[in-house]
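The block underneath contains the structure these notes are about, expressed in C-alpha cells.
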Amino acid sequence: QLTPSSFLRIGQMSNVDLNEDIHELETELPRQHPNEIPHNEKLLSLKYESLDYDNSENQLFLEEERRINHAAFRTVEIKRWVICAMIGILTGLVACFIDIVVENLAGLKYRVVKGNIDKFTEKGGLSFSLLLWATLNASVVMVGSVIVAFIEPVAAGSGIPQIKCYLNGVKIPHVVRLKTLVIKVCGVILSVVGGLAVGKEGPMIHSGAVIAAGISQGRSTSLKRDFKIFEYFRRDTEKRDFVSAGAAAGVSAAFGAPVGGVLFSLEEGASFWNQFLTWRIFFASMISTFTLNSVLSVYHGNAWDLSSPGLINFGRFDTEKMGYTIQEIPIFIFMGVVGGILGALFNALNYWLTMFRIRYIHRPCLQVVEAMLVAAVTATVGFVMIYCSRDCQPIQGSTVAYPLQLFCDDGEYNSMATAFFNTPEKSVVNLFHDPPGSYNPMTLGMFTLMYFFLACWTYGLTVSAGVFIPSLLIGAAWGRLFGISLSYLTKGSIWADPGKYALMGAAAQLGGIVRMTLSLTVIMMEATGNVTYGFPIMLVLMTAKIVGDYFVEGLYDMHIQLQSVPFLHWEAPVTSHSLTAREVMSTPVTCLRRIERVGTVVDILSDTSSNHNGFPVVESNPDATQVAGLRGLILRSQLIVLLKHKVFVERANLSLVQRRLKLKDFRDAYPRFPPIQSIHVSQDERECMIDLSEFMNPSPYTVPQEASLPRVFKLFRALGLRHLVVVDNRNEVVGMVTRKDLARYRLGKEGLEELSLAQT
Amino acid sequence: MAPLGCFLQLFSALALALGLAAGETRRLLALEALGEAEELAEELWGAGLPGDLPELEPECRRLLVAFAERSAALTDCLGRRARPVRLCQACHLDYRRLLAQYGSIVRAVGNSSESHNCAKSILTSDRLQIVVTLSEFFNETWEAANCANCLKNSSEGLSDSTVEFLDLFNKSLTCFEHNLQGQTTYLSPNNYTEVCRNCNETYRKLNNLYNNLQRMNRQGGESGHSAHLCIDVEDAMNITRKLWSRTFNCSMPCSDTVPVIAVSSFILFLPIVFYLSSFLHSKQKKRILILPKRIQSNASLVNIQEKYS
C-alpha cells in the first residue's frame, strides 16, 4: 500500500549528485522566512499561466477525427468565416456605441461648462467655473475608476500589453471575459468624458479581442449561456487565431484602417501567424470598418455614405497643397529624432511612475483617489492655460465646436481653448487642419509641455484608456510649432504648411512611445487617406524607433515587464548557448503512472505548493526501482474532467452501459475547469484506479538534457508549447521546461540576467 | 573667351529679333484672315446658309447681350457693396435677374425643332465656355456669402429676422454716433464710458439676437445649409463687436485672478499631498520570492555570475 505522499519522483533516481541537490532543496523547502523584496522589474509572477497551443493527440481525438468526414471539416472552415464576420460586425457596433455616447456626453459636459464660464466672465467669479469643471471631471472619472478598480482591474489601461501577452501564449486571468468587455467599454467612455488625457482607440483593440474570444466559443461563461455552437473551436489554438482577428478588427474600427489592423495584429499582437489567417483577419477588419461606417452614416443623417471611416478621422489632406520636396526629407528625419527622444523621455518617466504605483498605490481606494486627482488637475491645468492665454482668433469662418470667449474681444475665441477645451480626438484634427495662423507659437509650446506631462501621468492609472491619441496630440502640437518656427526662421523661404508638420510630429511622437513601425505607417496613411505621405511617415517612424530604442524600450514592452509577465520574445538571449536544458529545467517532476490510484491523483492535484498543470505519465511498474520510461503527458484539466466523470477502472467494469467519455466533455469544461476542491471523491473511490492511457497525449515533445537553451527555446516558442519534458538517454523523465523557466533569462544591460520567481 | 561670348550674345539677340518679327507678321496675317472669314460669314448668312457659323443668329445674340448686361450690373453691385458688406441686401434683385436670364438661355434648348439652338451655341460650343464660367462664379459667390440664409424662401426680399437684426444694428450705430458727437468735443478720445453706458442695452439686444439667429441656424441647418449666417449679418455684427470691444473698449471682463490662483493652486497641491502621504504611510508592497525547483549546478551559477560581473 502506497501512502499518498510517496508518488514517484523520477528525478531523484536519475543520478547521484542530482540527488544531493534535491536533498538540499528539500531541507530548504519549508521556508520559515519568506524572502520578501520590493517589487522590481526583474521578477516573474506566478500568477500567470501558459496557454496550451499543443494539440493533445490522444485516442479520443483520433476517434473524433475519424468520425468527422471531409464535408464536416469544410463546414468548420465556413464557420470560421462566419465567426470572423460576426467579430467584425460586433466590434464595429461597439465602436459606434462608444463614439456616439462619448460625443453626446462630452458635448453635454462642455456645453454646461461653457455656459458657466460665459456667465461668470461677465459677472466675475471664474473660480466657480474652475471648480465646476474640476468637480465634473473628477466625479465622472471616479465612476470610471471605481468600476475598473473594484470590479475588473484587468480592464485598466489600453489593454494592448495584455492582448499582446495573450497572443504570446500567456493566460492573463480574466482578460477575455465578457465582464471585462463591459467594464472596458464603460470605463473608456467615462475616462474620455472625464476629460483625461486619453484616447478611446487603444481599448478598442482589447474590446475587439474580447468579442472575438467570446463569439468563437459560442457561449458566455459569465452569463452562463451556452448556445451550443462553434464547439469545435473550444481550445486555446483556435481561440488565439480569433483573438488576433478581433484585435485587428478593433484597430480597424478605431482608425478606419483595415490593412493597418491586419499589420498591427501581425506586428504587435500575434506571436503565431499563418498565411490562411491573414486573409480571414483582413476580412474581419474590413467588415468592422464597413459596419462602423454604415451605422455612423445613419447616425449622422447621411445614410449609406460610407466615406467617413474610423472613430478618429484625421480628415483628408489636400493633395495639391500638401506635396513635399526632397529638401524636406532631412527635416522629417530630424523630427523623427526629436520624436524618439521625447518618446524615450515619456517612457522613462512613465516607468518610474508605474514602479511607484505598483509599490505604494496598490489599494483600490487609493487608485480611485489618484485617478480623481489626475482628472481634477487636468481640468485645472486646462483652465489656467486658457485663463492665462491671450491668443485670440476671430470666430468667423472657423469650425470650433465650443468656442470660449473668456477675455477675448467679442466675436473672437480663445485659441488655447480649442486645444484644451475639447476631446483629444477633436484637438488632433484641429491641429492637423486648422489654417496657418490659428495658433500662436507660445500657445502650442505651452500646450505641448503641459500635455506631455499630463499624458505621461495619466497612462497607468486605474482607468481604461489608451495612449494613442494623447501621443498623437503631443506630437501634432510640437510638429505644428516646428512647422511654424521653420517658416519663421527661414524668413518664409521654406513655406511650411503647419498641418503637414503636425502630421509628421504626431507620427514621430507616437512612434517614439509605442515603437511600432510598419503598422503605424499604414494606419497613419489610411487614417489620413493619403498615400503621398507614406514615405516621409515611414522615415519618421523608423528614425523615432531607432533613436528611442537606444534609450529605453517601448511603452507596451515596458509595462509587460513591469507586470512580471513571462513573455517569450522571438529569440532566446544571444549569449545563452552555454546553458543547457539540465540547468534550465525544473526538477524533480511530479509524475503519474499510467494506471494510477485515484487517491494519489487527488492528492497531487490538491497540493497547493506544487500547482502544476501538466504531468508526465510514466510506465506503471509495480516496483518503483525499475526504469520507468516516459509514456505521455496529461494535463490537470483533463484529470479534473476524468475525476468529475469518475472514469475509474473499477466502475467501468461495474457498468458497461456507462457512456464513454468523448472529447466534447473536455471541451465543455473549457476554459474554466472547476478547481479540484469542488470535486468530491469518497474514501472508497480513493482506492480505485484510473487508467490514463486513453486520455494522455502519447507523444509529448521532449528534449535531451544536453540541449542548449536557444534550442529548447526555439522548439518551445515556435510550437507554442506549455510543457516540454526533459529526458535522459533511457527515456526517463529528468525535468520539465515550462514558460517561466525560459522567460527568466533576459539580456540585460550587463549581459545575461536571471529573473526570479515571485508571488504577486 | 570674351569676344566669343560677345558674339554669342549678339547672335542670340539677332535671332530673337528675327523671331519676333516673324511672329508679328504671322499674327497680322492671322488677324487679316479672321477678318476676311467674318466678312465671308456675313455674306454667307445673308445668303441664308445654315450651320455652325461664327455668327449667332439674332435671337441668340439678344439673349447673350442681355446676359452680359445683367452680369455687368451684378458685378457692379457686388463691387460697390463689398465694404461694408451689403451684398445680400443690395444685390439680390440683380442676382435673381441674372439667374433668370441664364435660365432662359438654358431653356432655349427647348425649341429643338430648329437645327441651331441658342443654348448649344452659347454655352457649349467652345473650350472656354465663358457664360457658364461667369454664371458659376456668381453662384459660388452667392453660396459662399450664404445669402439664402437672410432672404425669404423662394421670394424676393429680406427675411423677417434679418430685417429685425438690421433695424437693431442701425439703431445701435445711431446710438454710437449720437453719443460720440456730444463727446469728442471735450473728452479725451480714449474715454468712451458714456457710449458704453448708454448703448449697452441696444448692444446686448443685438448680440443676443445674433446669438439666437446663430443657434437657430445651427439647429435647423443640419440639412444642407452651412452653419454660417449670411455675410451681411455676420459682417454687421463683426463691425459692431469690434467697435464695442476694441475701439470703445466697453467689454471689460471682470478678471478675478486671485481666487482663480487660489483654487487652482489648491487643486494642484492635492496630488503632492496624496503622493507624499501614500509614500510615507502606505505599506510598500512586497513580493515573496519563490525558490525554483532546479538543479543548482555550479556551472550555471558561474555562468550567470560571470555575465553579471
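As the structure is a prediction and not an experimental result, all values here were calculated from the model. We name chains A, B, ... by the order of the sequence lines, and we start the count at 1 in each one.
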Practice task
Taking the side chain as every heavy atom from C-beta outward, state whether A:Trp457 and B:Pro271 have any atom pair closer than 4.5 Å.
Solution key: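 With C-beta onward as the side chain, the pair touches.
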Practice task
Measure the shortest side-chain to side-chain distance between B:Leu289 and A:Ile37 over non-hydrogen atoms and say whether it is less than 4.5 angstrom.
Solution key: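 Side-chain contact under 4.5 Å: yes.
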Minimum heavy-atom distance [X]-[Y], with the two atoms named:
X: B:Val260; Y: A:Ser127; answer: CG2-N, 3.8 Å
X: B:Lys283; Y: A:His362; answer: O-NE2, 2.9 Å
X: B:Ser278; Y: A:Tyr360; answer: O-CD2, 3.8 Å
X: B:Ile267; Y: A:Val377; answer: O-CG2, 3.9 Å
X: B:Arg287; Y: A:Ala758; answer: CB-CB, 4.0 Å
X: A:Thr380; Y: B:Ser264; answer: CG2-CB, 3.3 Å

Problem - Check: B:Gln284 main-chain N/O paired with A:His39 side-chain donor or acceptor under 3.5 Å - result: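 Such a contact is absent between A:His39 side chain and B:Gln284 backbone.
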Hey, what do you get for [atom1] ([X]) to [atom2] ([Y]), rounding to the nearest 0.5 Å?
X: A:Met372; Y: B:Leu270; atom1: CE; atom2: CG; answer: 10.0 Å
X: B:Ile288; Y: A:Leu43; atom1: CD1; atom2: CG; answer: 12.0 Å
X: B:Phe279; Y: A:Ile361; atom1: CZ; atom2: CD1; answer: 11.0 Å

Exercise for the section: Examine whether an atom of A:Phe128 lies under 4.5 Å from a heavy atom of chain B, and if so say whether it belongs to the side chain, the backbone or both; otherwise answer neither. Expected result: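 Neither part, no heavy atoms under 4.5 Å.
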Handout entry: Region of B:Phe269 in contact with chain A, defined by heavy-atom distances below 4.5 Å
Key =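 Neither the backbone nor the side chain of B:Phe269 comes within 4.5 Å of chain A.
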Problem - B:Tyr275 portion near chain A, given a 4.5 angstrom heavy-atom threshold - result: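 Contact with chain A involves both backbone and side-chain atoms of B:Tyr275.
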